[in-house]
Number of protein chains: 2
Amino acid sequence: MDADPDLFKAIGDATRRTILDELTERDGQTLFELCSRLTMKHGLASSRQAVSQHLAVLEQAGLVHTRRQGRYKFHHLDTSPLRSIVERWPIDREAPNP
Amino acid sequence: MDADPDLFKAIGDATRRTILDELTERDGQTLFELCSRLTMKHGLASSRQAVSQHLAVLEQAGLVHTRRQGRYKFHHLDTSPLRSIVERWPIDREAPNP
DNA sequence: GTTATAGGCAAGTGGCCACTTGCCTGTCAA
DNA sequence: TTGACAGGCAAGTGGCCACTTGCCTATAAC
């Protein structure tokens, strides 16, 4: 029971959720790419180290996979761990919209 | 963007997730009922006040609705707020099991 | 080689949050 | 009406975590 506390810790932070949003919109970004976009679009004054630590947490939760290429490190989104949430507490399939 | 930080805060705590598990198994429990079951089954040495505060957080997130009846207060699970998670980051519909 | 770029590592710090403690209110049975 | 029971309110405390700071490694351009 409660096999993945890392997952909930990962999505528990607002900045990390914004990072997931960013990767949803544009997958495979580098660290610096994410940094500039977070400050530009979302107004988050997140330093490079802060974003790097956030990405480490997201990677540990399995929500982000990394791919090294030269001196670049590309970050790819993986939403499959989120499935465990709706499997744990089944959502009543009611259409909220008509 | 990020309209419901209360939701992620609610499911961010392990004890609150266990409370959701308890309510999934048996809906409409009172505070004392939850307290004894959490200590019995899950080994959580959660005091009454702690569980009460957890329930308040869950209620604020819309995951738990309460129903007063005399001196009893019954807690009912509502998993519909969880839908916003999978709507925000769509899960690739791949069958992980054959 | 030298410099700039992309990223990593580790210690320190401040704020939030879970939990406790103590006391209070309301409901029901005797 | 008195006691037990179910729950609420508020202040205090300790620990975790996000963020910073400073320095380091590695790849690529010049």
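Sequence lines set the chain letters: A, B, ... in the order given, protein chains first and strands last, and positions in each chain run from 1.
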Name all residues meeting the side chain to side chain contact (heavy atoms under 4.5 Å, CB included) criterion together with [X]; count only those two or more places apart in sequence or in a different chain, and write none if there are none.
| X | answer |
| --- | --- |
| B/Ser47 | B/Gln49, B/Ala50 |
| B/Arg48 | B/Leu31, B/Phe32, B/Cys35 |
| B/Ala56 | none |
| B/Tyr72 | B/Thr30, B/Phe74 |

Over how many whole Å does the gap from [X] atom [atom1] to [N] atom [atom2] extend?
| X | N | atom1 | atom2 | value |
| --- | --- | --- | --- | --- |
| A/Arg48 | D/dC23 | CZ | P | 14 Å |
| B/Arg68 | D/dG7 | CZ | P | 7 Å |
| A/Lys73 | D/dT25 | NZ | P | 18 Å |

Apply the side chain to side chain contact (heavy atoms under 4.5 Å, CB included) test between A/Leu63 and each candidate in A/Leu23, A/Asp78, A/Leu82, A/Asp6; give the one that qualifies.
A/Leu82
So where does chain B start and stop touching DNA chain C, 5' to 3', when the test is distance under 4.0 Å to a non-hydrogen atom?
C/dA18 to C/dC28
Estimate the overall bend of the helix from C/dG1-D/dC30 to C/dA30-D/dT1 from the end axes over five pairs each, rounded to 10 degrees.
20°
Determine whether A/Ile19 and B/Trp89 fall in the same hydrophobic cluster, where Ile, Leu, Val, Met, Phe, Trp and Tyr are linked whenever their side-chain heavy atoms lie under 4.5 Å apart.
yes
Do A/Leu58 and B/Val86 belong together in a cluster built from hydrophobic side chains that touch within less than 4.5 Å?
yes
Mapping A/His54 and B/Phe74 onto DNA chain D by nearest heavy atom, which one lands closer to the 5' end?
B/Phe74
First encountered from the 5' end of DNA chain D, between B/Arg71 and B/Gln49:
B/Arg71
Are the side chain of A/Asp13 and the backbone of A/Arg16 linked by a donor-acceptor contact shorter than 3.5 Å?
yes
